[in-house]
There are 2 protein chains.
Amino acid sequence: MVRMRDIADHLGISVSTVSLAMNRKDQGRVNAPLAERIRATAQEMGYTPNLHALGLKLNKSHAIALICRTSPDDPFLSAMTGGAQAAATDAGYILITIPVSSAPGAEAEAIETALQRDVDGIVFAADFYRRRSIPGVPDSTPFVFLDCVSTGANPVVTEVIADEVQGSFEATAHLLAAGHTRIGYIGVDDDRYLARHLRERGFRAALREHLGSGAAPLIVNAADPSISAGEQAAHQLFERAGSEPPTALFCFSDRTAFGVAQAARARGLRLPEDLSIVGFDNVEYTSEFFSPRLTTVELPHQRMSAEAVRQLVHRIEHPRSDPLRITVPCPLIHRDSVRPAVPSSERLER
Amino acid sequence: MVRMRDIADHLGISVSTVSLAMNRKDQGRVNAPLAERIRATAQEMGYTPNLHALGLKLNKSHAIALICRTSPDDPFLSAMTGGAQAAATDAGYILITIPVSSAPGAEAEAIETALQRDVDGIVFAADFYRRRSIPGVPDSTPFVFLDCVSTGANPVVTEVIADEVQGSFEATAHLLAAGHTRIGYIGVDDDRYLARHLRERGFRAALREHLGSGAAPLIVNAADPSISAGEQAAHQLFERAGSEPPTALFCFSDRTAFGVAQAARARGLRLPEDLSIVGFDNVEYTSEFFSPRLTTVELPHQRMSAEAVRQLVHRIEHPRSDPLRITVPCPLIHRDSVRPAVPSSERLER
DNA sequence: CTGAAAGCGCTAACAG
DNA sequence: CTGTTAGCGCTTTCAG
């Protein structure tokens with residue numbers, strides 16, 4: 001491990017001059033050619049700064065903590081950590097992922113761990129979009145929220161969230177563009193999911209915009225976002241619809257969509273010929289194990305976490321900057337579960 | 001942030017005494033009651049050691065690096081990092097995950113990053129079980145292999161791998177125990193997968209043990225582990241089997257199994273009534289989106305990575321210990337895709 | 001049994 | 001323009 005000391009000796013100069021040159025604080029302090037020569041030999045000798053020394057001196061670790069709940073089978077975890085990793089590396093930081101169990105004091109403990117490592121900032125991620133209280137972090141440690149917002153009206157902390165409304169609007173618009181007019185929505189009846197209201201709002205907005213405000217949208221909420229609840233809800237919706245069944249369904253989640261597909265098949269409907277469906281989440285493998293391959297709205301965890309890290313770095317480097325609410329769009333992933341609507345007259349002929 | 005200095009002042013003693021007491025190096029150096037009192041007040045004042053200072057002094061960071069390829073949708077990534085995280089935390093270390101792209105110099109770069117952070121050890125993980133060369137890491141930095149083995153006969157480095165043979169043996173034995181006798185195996189025809197041979201070996205061994213060496217096992221290899229290749233291979237197998245079709249199939253992977261299921265259904269077979277299948281991997285969501293819920297062998301990434309970290313910590317703390325090859329068992333996950341075999345006479349009656 | 005002092009690699013006043 | 005110096009928090013001889 002070559003130190004500044006080594007390169008100073010090698011050049012017959014002092015450590016502080018080397019330090020100045022290496023930190024590009026040499027404007028009018030070290031003459032240009034010398035500075036250049038220092039940097040060159042540093043490179044040559046394979047100098048890498050000792051981060052412990054730096055940290056000790058500057059109270060800066062060039063490390064960022066990602067604190068999040070980790071259930072062993074969270075489908076979004078890899079995308080989240082991956083995006084955060086990449087962004088951190090890009091910015092010259094390292095990412096430390098600190099898992100937090102669901103035990104009571106776990107979050108405080110995680111924060112403690114992070115602080116002890118002297119991280120320069122913390123990203124708090126939720127396991128799904130939710131409202132949460134501001135964590136007990138000293139004012140001196142910048143932090144941002146990922147996939148969650150603080151209780152209280154105005155963002156007092158930078159928050160990175162998905163644009164659920166836009167995503168569901170787009171999905172519904174896609175169905176409308178395919179000629180469907182009788183479109184239902186299978187939501188979820190659990191207020192812990194903030195997304196619940198946002199996705200319904202996007203759905204309604206698209207319908208209103210394309211069909212006018214006259215149409216009463218067909219909406220049934222499943223008990224939870226599971227496959228079986230989705231299945232049940234779909235049956236309910238078809239029964240409620242009676243003789244005018246929907247030709248397309250927008251679903252709260254991919255799992256909901258899967259349940260819906262099972263219900264539809266049980267009723268003798270072919271997918272996507274008789275019923276088009278769009279899911280939400282773009283859970284990995286969903287597209288592979290689902291047939292027809294599911295058209296769905298992606299929850300862009302990778303982009304979100306990358307953005308969260310970028311925002312955090314910004315706040316680390318500009319401590320006085322204002323908190324922001326960043327909304328990242330949810331792209332619609334076109335696959336095979338949506339078909340153009342067939343006018344009902346033609347359908348009867350077959 | 002309270003320092004040793006603070007607690008020394010508070011007690012009117014010197015820093016070195018505190019250090020001695022805190023590090024339990026006080027045997028016959030500090031009198032017992034004082035040492036105890038020091039530890040008590042440290043606790044009270046909320047002392048936490050400054051890791052930068054420690055690292056600087058001792059060249060130890062209490063950090064471990066996990067270096068691995070990360071494709072954004074590796075289904076095993078969360079389990080792997082999760083297990084490693086937990087084990088590292090348990091051992092008082094922190095885990096730094098360093099992603100490595102598939103670009104040429106990427107691995108060297110990742111190692112560089114790790115070394116610069118002064119990690120105490122490195123876990124190298126492969127994206128699937130494979131043989132690989134020893135990475136260019138200084139002798140002073142302990143490392144272990146996860147899900148890979150070194151080229152060369154004897155392990156020169158500690159390796160943690162899954163017991164693929166045992167897993168497939170158990171799966172096949174389960175099928176046999178359910179009364180099946182005509183059992184086929186859909187493998188994969190790609191030698192990059194070391195698992196390929198091991199799984200086939202387990203399959204053959206179970207058959208031999210239960211059925212004797214007379215039976216020629218029905219084996220078809222798919223071109224790759226994808227769904228479509230599995231589907232094709234299954235058709236091929238059924239054609240080859242002719243009038244004596246298998247009543248159960250063991251599959252190289254869950255995706256293979258999914259393809260197999262599609263092929264079977266296309267041939268009018270009901271699952272699991274007419275055909276039992278067992279997969280391999282226990283990929284998340286596979287059980288949910290697969291119907292019937294897939295009985296499969298789990299690739300225990302969480303346990304493996306935890307074990308790798310434990311081994312690494314052991315090597316960090318006992319540098320002269322011998323390299324080991326650790327094999328962790330693959331449990332069979334019982335779900336709904338296996339049914340007891342029905343004697344062929346009864347089958348015809350229905 | 002306890003304390004003083006040096007030093008890990010680096011930065012930042014401050015002198016020169 | 002360059003060098004000297006002190007000090008970040010801790011461990012570890014070495015004296016006392």
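For clarity, every value in this text was computed on a predicted model and none was experimentally measured. Lettering follows sequence order; numbering is per chain, from 1.
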Whole-Å distance separating the [atom1] atom of [X] from the [atom2] atom of [N]:
X      : N       : atom1 : atom2 : answer
R3(B)  : dC10(D) : CZ    : C1'   : 11 Å
R5(B)  : dT11(D) : CZ    : P     : 15 Å
L56(A) : dC10(D) : CG    : P     : 9 Å
I13(A) : dT2(D)  : CD1   : C1'   : 9 Å

Return yes if a side-chain donor-acceptor contact under 3.5 Å exists between [X] and [Y], otherwise no.
X       : Y       : answer
E159(B) : S150(B) : yes
S14(B)  : T17(B)  : yes
S78(B)  : S78(A)  : yes

message: Reading DNA chain C in the 5' to 3' direction, which nucleotide is the first one with an atom under 4.0 Å from a heavy atom of chain B, and which is the last?
response: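 Nucleotide range in contact with chain B: dC1(C) to dG9(C).
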message: Using OP1 and OP2 only, check whether a side-chain N or O of N59(A) sits under 4.0 Å from dC8(D).
response: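 No.
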task: Test I98(B) against L66(B) for side-chain contact (heavy atoms from CB on, under 4.5 Å), laying out the working first.
output: CA-CA 6 Å; I98(B) 304 183; L66(B) 172 64; over 6 Å; no
task: Determine whether F145(B) and P323(B) make a side-chain contact, defined as any pair of heavy atoms from C-beta on separated by less than 4.5 Å.
output: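 Side-chain contact under 4.5 Å: no.
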Under 3.5 Å, which protein N or O atoms sit close to an N or O of nucleotides 12-15 of chain D? Give each pair with its distance.
residue: dT12(D); atom: OP2; partner: K25(B); partner atom: NZ; Å: 3.1

- prompt: With a 4.0 Å cut-off, would you call R132(B) and E107(B) a salt bridge?
  reply: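 Salt bridge present between R132(B) and E107(B).
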- request: On the 0 to 90° scale, with breaks at 30° and 60°, tag the F76(B)-H301(B) ring pair as parallel, tilted or perpendicular.
  value: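 Parallel: the ring planes of F76(B) and H301(B) meet at under 30°.
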message: Using a 6.0 Å cut-off, check whether atom NE2 of H10(B) has over 12 heavy atoms from anything other than its own residue.
response: no
